[in-house]
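Okay, here's the structure, questions in a sec.
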Protein chains: 2
Amino acid sequence: MKRKVTLKQIAKELDVSISTVSKALRNSIEISEDTRQKVQAFAKLYNYRPNNIALSLKNRKTKTIGIIIPEIVHYFFSKVITGIELVANKRGYNVIVGLSNESFDKEVINMQMLANGSIDGFILSIAKETLQQQDYHHFIETINQGMPIVMFDRVVNEIPCDKVIVDDVKGAKKAVGKLISGGCKHIAIITTKDYVSVGKLRTQGYLEALEDHKINPKASLILKIEDKLLSDDHLDKLENEIEQLFKSNTAIDGVFAVNELYAVTAIKVARKLGLEIPKSLQVVSFTDGVLSKHSTPSLTTVSQHGQEIGEKSANLLINRLELDENDEDEEIFETVVIETNLIERESTK
Amino acid sequence: MKRKVTLKQIAKELDVSISTVSKALRNSIEISEDTRQKVQAFAKLYNYRPNNIALSLKNRKTKTIGIIIPEIVHYFFSKVITGIELVANKRGYNVIVGLSNESFDKEVINMQMLANGSIDGFILSIAKETLQQQDYHHFIETINQGMPIVMFDRVVNEIPCDKVIVDDVKGAKKAVGKLISGGCKHIAIITTKDYVSVGKLRTQGYLEALEDHKINPKASLILKIEDKLLSDDHLDKLENEIEQLFKSNTAIDGVFAVNELYAVTAIKVARKLGLEIPKSLQVVSFTDGVLSKHSTPSLTTVSQHGQEIGEKSANLLINRLELDENDEDEEIFETVVIETNLIERESTK
DNA sequence: TTTCAACACGAAAACGTTTGCGTAACGCAA
DNA sequence: TTGCGTTACGCAAACGTTTTCGTGTTGAAA
């Protein structure tokens with residue numbers, strides 16, 4: 001087992017100084033053609049590669065991006081990571097991942113673990129618990145220490161950083177608009193409690209779409225699910241709530257669900273109740289994931305372009321990192337909106 | 001914007017030496033109660049945290065694990081990462097992720113980027129292209145440089161490292177056994193070409209199950225899909241192939257699919273052909289992912305326990321890392337088999 | 001012969017830690 | 001006064017780089 005070879009070892013072996021070896025490898029003109037070749041040959045033979053940690057210490061940057069997301073077993077978030085990793089790699093950066101598990105504490109701890117030199121900047125999406133508590137001091141402190149953050153999807157406006165979001169309101173309006181133009185008169189929404197910002201915004205889009213078409217919203221058609229029901233254990237409870245919705249509003253002919261799971265569950269329940277999709281009930285959901293594509297009937301969905309969000313976030317962050325070096329701090333932050341688009345499939349007419 | 005405070009700054013500010021500060025913070029008995037408190041108070045005030053990179057350089061270990069997987073938008077792999085991150089975090093490690101995208105070159109490059117000091121060891125699952133080319137020199141070299149590897153799921157035996165796998169053969173036998181005991185006489189398998197090791201093993205399990213029950217395998221019931229068809233673009237082609245299978249073998253009353261996508265696609269095609277699930281056709285798939293749980297009918301699947309695989313892998317790796325320190329190199333490698341289990345749902349009787 | 005570039009290389013500092021060892025100052029016993 | 005043991009601290013090395021600056025050796029011009 002040969003350990004990794006260092007400059008020092010090469011230097012000793014070739015009986016020159018460390019600096020000579022370093023310069024030779026970097027093709028410095030200070031070094032004679034002769035020694036340069038000798039050193040390079042030796043380095044190649046022993047497969048020399050500069051030690052990243054030493055470089056990080058010297059250069060005071062790690063060429064590594066920290067990602068903090070609530071969970072990774074999730075179509076949207078993993079798509080975002082794919083996008084981040086893609087451009088990070090292309091631009092010579094590595095990607096280190098922390099999962100907050102939707103917990104405030106884990107989010108804070110994860111950030112602290114990474115903020116002490118391990119990374120150059122963060123890309124993150126805020127945990128639900130953090131949104132609920134509205135405690136953002138860890139973001140502020142990180143930024144104050146000169147470490148830039150890019151937030152995506154779940155953002156909060158008062159933090160001074162770049163942001164990449166989807167236009168949830170507009171996306172929801174597209175979805176509901178599709179139902180309306182498909183002839184639906186009684187459109188229900190299945191959404192989350194309001195503290196989840198995206199749920200709130202999508203609900204807002206639903207209401208605006210109705211208003212635009214002079215349809216009076218009915219409180220009984222708005223089903224706000226306690227968010228914990230997303231975990232698989234509470235599937236029964238979710239089904240029950242949706243069943244109640246349908247039973248007490250038999251006129252429903254369209255459903256807008258703020259995520260795939262709500263949509264497929266609604267379809268399952270509707271079928272049980274004898275409704276035909278899309279003939280007597282049309283369904284549109286948010287998040288164009290694997291369920292939408294492959295369940296039967298396939299779902300008409302609002303695609304969020306997760307990968308694009310990841311790519312944009314990474315580019316924003318790296319741009320800022322590589323700008324900081326030379327220029328003064330540009331304290332102008334961008335908020336990029338990635339357009340959604342509606343993918344029409346079998347669950348609508 | 002106050003930059004991160006260092007020992008040197010504290011030392012200068014308090015007019016003591018760097019070593020005094022360091023020792024005071026680590027509660028060394030060499031330091032007087034007085035200075036210790038002064039230093040600790042100051043450090044707390046300025047929120048001092050030791051720089052990870054400097055520690056890594058000094059200790060020659062990074063407390064970071066590198067993960068290389070083919071893709072991340074994938075239920076199984078993201079579950080594995082969840083498991084890895086869980087125990088890594090608990091044991092004080094970070095996790096850095098590289099995606100090979102099933103490409104040999106990206107796998108090699110990713111490993112090289114990380115192997116130069118950024119991490120202490122790898123957990124990985126081999127890219128399909130690598131399996132096809134059977135070129136494993138990058139693994140061997142990494143190991144020779146003293147960096148341990150743990151392979152999971154897609155492994156190759158000749159590499160000297162710990163491995164965590166599922167018993168694909170046994171899992172497949174369970175799946176096919178379920179179909180047989182449910183009364184199926186003509187069971188088809190939808191699998192991948194043989195170079196994908198798991199596809200090959202699951203096919204083997206299928207054959208063994210048939211043999212155990214004295215059923216003669218028929219070549220026409222074995223459909224081997226060219227793997228690229230997993231990408232969504234080629235869904236049509238996949239459907240066509242499956243349709244051909246059904247049409248030329250009308251007696252088929254059971255299908256074993258080696259992944260969820262093949263299973264739901266088979267169901268979709270079968271329905272189009274007028275077959276009822278599970279009455280006239282029963283389906284079992286491998287990989288207990290989101291499709292299995294939430295599609296209609298829900299799928300009976302072989303669960304691989306991805307998270308457990310991740311946890312076990314991380315524990316194996318970290319154990320080895322922390323053993324290397326003191327003891328001699330233990331050159332005894334483990335191969336842990338995580339048991340699968342069959343989850344019965346609506347797609348079987 | 002003297003002087004001075006040009007050349008080719010080495011020494012050392014710096015990045016931020018930890019730690020073994022040396023030592024000044026002090027008190028106290030001989 | 002000498003000697004010795006504590007106590008409380010500082011020095012310096014080490015981890016592996018890069019880079020600035022200094023310097024010894026040439027060869028050639030004056």
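Keep in mind that what you see is a predicted model, and the values were worked out from it rather than measured. Heavy atoms only: backbone and side chains are in, while hydrogens, waters and symmetry mates are out. Chain identifiers are assigned alphabetically (A, B, ...) following the order of the sequence lines, protein sequences preceding nucleic acid strands; residue numbering begins at 1 within each chain.
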B:Leu7 near the nucleic acid: base, sugar-phosphate alone, or nothing, with a heavy-atom cut-off under 4.0 Å?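 The answer is base, as B:Leu7 lies within the cut-off (heavy atoms under 4.0 Å) of a base atom.
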Is the shortest side-chain N/O distance from A:Arg26 to OP1 or OP2 of D:dT19 below 4.0 Å? yes
In residues 10-23 of chain B, which residues come under 4.0 Å of DNA chain D by heavy atom?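 Here the set is B:Val16, B:Ser17, B:Ser19, B:Thr20, B:Lys23.
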Has the side chain of A:Lys4 got a donor or acceptor atom that lies under 3.5 Å from a matching backbone atom of B:Gln145? no
Find the distance B:Leu25:CG to C:dG16:P and express it as a whole number of Å. 16 Å
To the nearest Å, give me how far apart CD1 (B:Ile53) and P (D:dT17) are.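 Rounded to whole Å, this separation is 14 Å.
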Mind listing the residues from residues 30-39 of chain B sitting with a heavy atom below 4.0 Å of DNA chain D? Number order is fine. B:Glu30, B:Ile31, B:Ser32, B:Thr35
What is the distance from CG of B:Asn27 to P of D:dC9, rounded to the nearest Å?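 The distance from CG of B:Asn27 to P of D:dC9 comes to 14 Å, rounded to the nearest Å.
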Establish, with yes or no, whether the OP1 or OP2 oxygen of D:dA14 is under 4.0 angstrom from a side-chain nitrogen or oxygen of B:Arg60. no
B:Lys58 has an atom NZ; how far is it from atom C1' of D:dG16, in whole Å? 13 Å
Please report, rounded to the nearest Å, how far the C1' atom of C:dA13 is from the CG atom of A:Leu57.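 One finds 13 Å between C1' of C:dA13 and CG of A:Leu57, rounded.
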Nearest whole angstrom, please: distance from the P of D:dC15 to the CG of B:Asn116.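 After rounding, the reported distance stands at 18 Å.
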If you compare every side-chain N and O of A:Lys8 against the phosphate oxygens of D:dC15 (OP1, OP2), does one of them come in below 4.0 Å?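 Answer is yes, contact under 4.0 Å.
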Can you confirm whether A:Tyr48 sits close enough to A:Val21 that some side-chain heavy atom of one is under 4.5 Å from a side-chain heavy atom of the other? no
Whole-Å distance separating the CG atom of A:Asn59 from the C1' atom of D:dT18: 8 Å
Using a 4.5 Å cut-off on heavy atoms from C-beta on, say whether the side chain of B:Thr130 contacts that of B:Asp135. no
Minimum side-chain heavy-atom gap B:Glu129-B:Glu102 below 4.5 Å: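 No, too far: nothing below the 4.5 Å cut-off.
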Report yes if the side chains of A:Val166 and A:His305 come closer than 4.5 Å at any heavy-atom pair, otherwise no. no
Between atom CD1 in B:Ile29 and atom P in C:dG20, what is the gap in whole Å?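 Answer to the nearest Å: 12 Å.
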When rounded to the nearest 0.5 angstrom, what distance separates CZ in B:Arg154 from CG in B:Leu124? 11.0 Å
How about B:Pro148 and B:Leu321: do any of their side-chain heavy atoms sit closer than 4.5 Å? yes
Through what angle, rounded to 10 degrees, does the axis of the helix from C:dT1-D:dA30 to C:dA30-D:dT1 turn between its ends, using five pairs per end? 100°
Going by the angle between their ring planes, with limits at 30° and 60°, are B:Phe104 and B:His137 parallel, tilted or perpendicular? tilted
